[in-house]
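Below you'll find the structure, written out as C-alpha cells, and then a few comments.
The chains referred to below are lettered A, B, ... by the order of the sequence lines, with proteins before strands, and numbering in each begins at 1.
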Amino acid sequence: MDVILQGLTEAQTDAVTHIDGPLLILAGPGSGKTRVVTHRIAYMINQGVPPSQIAALTFTNKAADEMRARVEQLAPGKSVWMGTFHRFCAQLLRRYATMVGLTENYSIYDSSDAKQAMKRAIEAADISTSHTSPEQIATTISNAKNRLVTPEMMLAATKRSGPTMAARVYPVYQQQLLTANAVDFDDLLLHVALLLKEHPELRQELDTRFRYILVDEYQDTNLAQYAIVRGLSINHPNLSVTGDPDQSIYGWRGADINNILDFEKDYPSVKTVRLEQNYRSTPNILRAADQLIRHNRRRKNKELYTHNDEGDAVTLRIYENGYEEADGIADEIANAIAVEGFRPRDFAILYRMNALSRSIEHSMRRRNLPYQIINGLEFYQRKEIKDLLAYLHLINNPKHDVALQRVINTPTRGIGTKTIAYLRSHADRHGIPMLEATRQVDQIEGLAKRSATAVKRFVELYDRLAIKATATLEDLIRYIVEETRYEDHLLKTVVDGQDSSAVANVDEFITAGVEFDRYHPDDGSLELFLEQTALVADTDAFEDNTDRVTVMTLHAAKGLEFPRVFVIGVEDGLLPHSRSKDTDSGFEEERRLLFVGITRAKERLQLSCCKSRTMRGESRPAISSPFFNELPLDEMRRVESELERNWFDEDSQDDYPESWDLPEEEDDEDFDSEAAASVKETADPPFDESCQLPEEELKELVAKKKKKKKAVLGLKTAADLMSGPSSIPVTAYREGNLVRHGEHGEGRIVSVTGRGPKRTATIRFDDGEHRFRLAFCELELIDG
DNA sequence: AAATAGCAACTTTTT
DNA sequence: GTTGCTATTT
C-alpha cells in the first residue's frame, strides 16, 4: 500500500484513491497521468475490487502494453482487461455476433479491404462517381458510423432533397458486409454501441461485468465510443476518464472534444482532479506550449507549471529547403551524440505528414545514424503478406469476399477479370458470398467452359486448404505456400533484379505464425491471429527499448517524450495543413497538434521551417506557419540557415564521427557493419550540387548512380529498412576492410583519409595499390 | 487471360 | 514519388 501511494502529490493521491463514482482527470502534458492511472488500478485491487471487474480502454496497443507492464509491477498477477477500444469491441462482438447478424468467425476488414468493398458497393448501387469520389463517399459513411447514424437514419435525413450518393451506397455497403460476415473498423464500435442500446438486458449484464471502466485519452473519443462507455456506466457509474482537451487531435475521425468538455454535465456527481504540474519539460518549452495554446478559443483554461530547471531557449530555425533541414538536423544529432554523449534514442523528429520522412531518412542513413520510422508501409501491407493473409482469412471466413477476389487468381490460374465479374454479379444477384457462387459456377450463363473448369479447380484447392483450418498456424501457412506453389509464383513475378525480399518476407510471416503458436499453445486460433493482425497499428511498431532516433508524425508521438525534439515543416499549409486550416475547429486542432509536438520535449526543442520545399517532384516556395507568431519569440533563439557547409573547404567544421557504439543488447537489423556489408552499392555522395567538379560531369555522375541504384535495389523507401540500407556511407569503409573493384578485383583497404566527397581510400590489389574517392567509385564491400 | 507499359491522381493525420 | 488503373501486346 505504501508503495502505491508513495511519492505522489496531493492531487495525484486524490485521483488514485478515488474508487467509486465518476472521476475526471484533467491531465496536462507530462503530468504523470499514466502513473496516476496505473497506481489507481493497483490501489483499487488492493482495496478489494476484483480485477476482472475492471476494464481499461486505450487508443493504441502500445499504451495498453505500457499500462499493463506498469500495473504488473504494482500488482503482480492480477488480470485486468486492458486494450484498445477496437479490441474491446472486437471481443464483445465475437461473443454476441449473432445478435447483429454475424457469426463469431466474422472478419475485420482493414482500410484497404474496406476500400475494395466500398467500390463494389458503389458499383452495385449503380451510382456514377462523376460528381463524388469513392473516397468521399467512404468518408461520409465513416463519419456517419462514428456518429451512430444507421443507413435508415441517413436515408431519412436526406429524404427531402433526394438521397445523397452516400445515403444510397451506405445500405448496400452495409448489406454486403453482412453477407461477407465482415465488419470495418467503424463497425466494431457501431455494432457494439447499437447492441448496448437495443438490448437493455445485455447492457445491464455488461455494465455489471465491467463495473469499473477507465478510459485513457478521453478527449479523442467519438460519439460511438462515448455511447459504449456511457452504456457500461449506468448502473455502476464508476467511470474514470483521463485526458487533456488541449491534446485532442483526432477530430477528423469523429472525435468529439465535447465529450471531455461536457463530462461534468454528463455526470454531475463527478470528482474532478486537475494535474497541472509538469514533470517533463523545461520552463522554456512549457512557456512556448502554453502561449501557443492560449490562442485556442474553445478550451478549458489550465495553468501549466513546472519546477524543472530553466534549460535552453527554444530554437526557431529557418532552413533553405527540406534537404538542408534534414541534413542540418542529422548533423546536429550526430554532433550531440559524438560530443555531448547523447544516445540516438534521446532524439525525435516529428512532422505533420508522412511524406516528410523521406529526406530525413536519407540524411540519417548517410550519417549511419540508427533510426526508426513509424509509418505506413510496413510488414502486413506488403503484397506477399497480404496474399497469404487473404488465404487465411478465406479459410477462417468463407464469406470473406475481398479475400476471395484477391486470392482466386494468385498465383494465376486462368481466372481473369471477366470471370471474376461473372462470379461477383451472380453473387450479388443471389445475395450470396462469392465462394458460394464459385460452387454454383455451372449455373452461370455466358461463362466459357474453360473458365468454369479453372474455377472448379480453385474450389477444390480451397477445400483442401480449408480442411487444415485447425492445424497450427505454422503448418497451415506452410501448407498454403506449398499447395499454391506460392514461392514459384513469387519468383516468376519478381521483375529481374528486383529485391529478393519477397521470399524472405514469406519466411518471416511463417515465423510470425510460429511465434503465435508458441504464445498460444491452448487458446491459439486462426481467428485470434487474424484479429491481432487486423488491429495492430503503425504506431505500435514503436520500440522504446531500442537505441535509435525516432522519426514519426505528430499524431503518432502523442503520449511519448524525448529529451530532444525537432518539429520540422512548421509551415503554412503544412502545419496548419491546407486541408484543415479553413475551419475554426480545424485550425484549432492544428494548433493543438503543434502543442502536442512541443510538449513531447524534455530538454531541448527546435521548430523549423524552410524557405522552399519540394513536394511531389517540384520545389515550391514556403512561408512559415502562422503559429510562429503565437510563440514567445523574444525569448526564443532564432537561427536563419547558415550557408551550407562546403565540403571542399579543407578544415570545414562539420565532421561526423564514423560511428558510435550501440549497446551490446542491440541486435536489430542494419546500421551495423554487418548489414552494410551485405549491400552491393557504393555510397551516395554526401553533398549537394555545390561541388568542385565541373557541374555537368557531376550531374551525370549523380544521375548515373541514381539510375543504377534503382535498378539494383528496386525500392528505396522506408520499406527497404527491412532489407538493408540502399547505400553505404563513405564512413562505412574502414582500414582493413576487404573490397571488390570491377577492374582490379579483390583488395584490402590500407588507409582512409579525408572526409565527405574527398574521403579517399588507399587499397592494395593484386596488381598494386590504388587510391579511390569513396564517394565516387564503384566498390563492393565484402567484409566490414 | 496474362504480362507489360504507360498514365493519372494523389497523399493529413489512424483504429 | 507512388500506386492503382487502363490500354496494349502477346
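The separation between A:Asn143 atom CG and B:dT15 atom C1' is 14 Å, rounded to whole Å. For the pair A:Gln225 CD and B:dT14 C1', the computed distance is 12 Å after rounding to whole Å. Atom-to-atom, NE2 of A:His489 to C1' of B:dA2 comes out at 12 Å; the value is rounded to the nearest Å. Per the geometry, NZ belonging to A:Lys386 stands 9 Å off P belonging to C:dG4, to the nearest Å. The interatomic distance linking A:Leu189 (CG) with B:dT15 (P) rounds to 13 Å, in whole Å.
In this structure, A:Trp252 counts as stacked on the base of B:dT13 under the 5.5 Å centre distance and 30° plane angle limits.
Within a 6.0 Å sphere centred on NZ of A:Lys115, heavy atoms belonging to other residues, nucleotides or ligands number 12 at most.
For the C1' atoms, the distance linking B:dT13 with C:dG4 amounts to 22 Å, nearest Å.
Taking 4.0 Å as the cut-off between side-chain N and carboxylate O, A:Lys33 and A:Asp244 do not count as a salt-bridged pair.
Here A:Thr419 reaches the OP1 or OP2 of B:dA1: one of its side-chain N or O atoms lies under 4.0 Å away. Distances shorter than 4.0 Å separate some side-chain N or O of A:Thr553 from OP1 or OP2 on B:dT14.
Nucleotides of DNA chain B nearest to A:Met353 and A:Lys418 differ in position, and the one nearer the 5' end is that of A:Lys418. Where A:Arg413 and A:Glu135 meet DNA chain B, the nucleotide closest to each residue was compared, and A:Arg413 sits on the side nearer the 5' end.
Residue contacts shown for A:Lys558 are absent, as no nucleic acid heavy atom lies under 4.0 Å away.
For A:Tyr109 (side chain) and A:His400 (main-chain N/O), no donor-acceptor pair under 3.5 Å exists by modelled atom type.
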